Amino acid sequence: MCVQVCFKEVNEIMNFVNKVSEAPFQIDACYGSYMVDAKSIMGMMAIGAGKKVELKIYSDEGVGNLEQLIRTYAA
């Protein structure tokens with residue numbers, strides 16, 4: 001599953017990473033030719049705020065409790 005998100009501020013990135021870190025499946029964030037673990041605060045901060053980021057979610061069962069969080073940041 002792929003979805004685009006955009007974070008306006010650094011605080012949004014930190015909140016997002018704290019929430020997705022609880023997910024039992026892998027989530028990658030892609031921006032241009034960069035791909036980082038979306039559960040990594042350093043990786044997500046390297047991409048930065050104000051950019052459309054594609055999330056690649058590797059789950060056969062959907063995103064479950066993270067659906068509301070992802071919709072909050074949908075680009």
Side-chain angles (χ1 to χ4, degrees):
M1 168 186 211
C2 293
V3 64
Q4 284 196 348
V5 295
C6 185
F7 305 101
K8 296 175 186 164
E9 302 175 359
V10 172
N11 290 339
E12 291 181 347
I13 295 172
M14 294 187 330
N15 180 48
F16 178 82
V17 171
N18 286 334
K19 297 288 185 182
V20 299
S21 293
E22 301 168 3
F25 44 83
Q26 179 66 30
I27 305 173
D28 289 330
C30 304
Y31 178 74
S33 62
Y34 298 104
M35 180 183 282
V36 299
D37 184 350
K39 297 179 182 182
S40 165
I41 191 72
M42 294 300 286
M44 293 299 290
M45 292 297 232
I47 291 175
K51 299 173 182 143
K52 286 186 181 180
V53 177
E54 182 178 46
L55 294 180
K56 292 188 178 188
I57 301 166
Y58 304 98
S59 173
D60 294 332
E61 300 169 8
V63 294
N65 296 337
L66 296 178
E67 187 173 346
Q68 177 68 26
L69 178 69
I70 291 170
R71 268 192 264 158
T72 302
Y73 302 113

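These numbers come from a predicted model, not from an experiment. Excluded from the calculations below are hydrogen atoms, water molecules and symmetry mates; all remaining heavy atoms, backbone and side chain alike, are included.
With sequence neighbours left out, the side-chain hydrogen bond (donor to acceptor under 3.5 Å, both in side chains) criterion links Glu67 to Arg71. Residues satisfying the side-chain contact (heavy atoms from CB on, under 4.5 Å) test with Asp60, not counting sequence neighbours, are none.
Sorted pairs that involve residues 14-23 and meet salt bridge (charged side-chain N to carboxylate O under 4.0 Å, His left out), not counting sequence neighbours, are lacking altogether. A ring-ring contact (aromatic ring centres under 6.0 Å, His included) check over residues 55-75, counting only residues at least two apart or in different chains, returns the pairs Phe7-Tyr73. Pairs of residues two or more places apart, or lying in two chains, never qualify as side-chain hydrogen bond (donor to acceptor under 3.5 Å, both in side chains) while including a residue from residues 43-57. Counting only residues at least two apart or in different chains, ring-ring contact (aromatic ring centres under 6.0 Å, His included) contacts with residues 17-46 are absent.
Phe16 places a side-chain heavy atom less than 4.5 Å from the side chain of Leu55. Contact of the Val36 side chain with the Met42 side chain is not registered, since no non-hydrogen atoms from C-beta on lie closer than 4.5 Å.
Considering CE of Met35 and SG of Cys30, their distance stands at 3.5 Å, rounded to 0.5 Å. Rounding to the nearest 0.5 angstrom, the gap separating the CD atom in Glu12 from the CE atom in Met44 is 11.0 Å. The distance from atom CG of Asn18 to atom CD1 of Ile13, rounded to the nearest 0.5 Å, is 12.0 Å. Between the OG atom of Ser40 and the CD1 atom of Ile47 there is a distance of 9.5 Å, given to the nearest 0.5 Å.
Between the side chain of Asn15 and the main chain of Asn11, no donor-acceptor pair closer than 3.5 Å is present.
When each of Leu66, Val3, Asp28 is paired with Ile57, the side-chain contact (heavy atoms from CB on, under 4.5 Å) condition holds for Val3 and for no other.
Of all the heavy atoms in Cys6 and Gly50, the pair that sits closest is SG-C, 4.0 Å.
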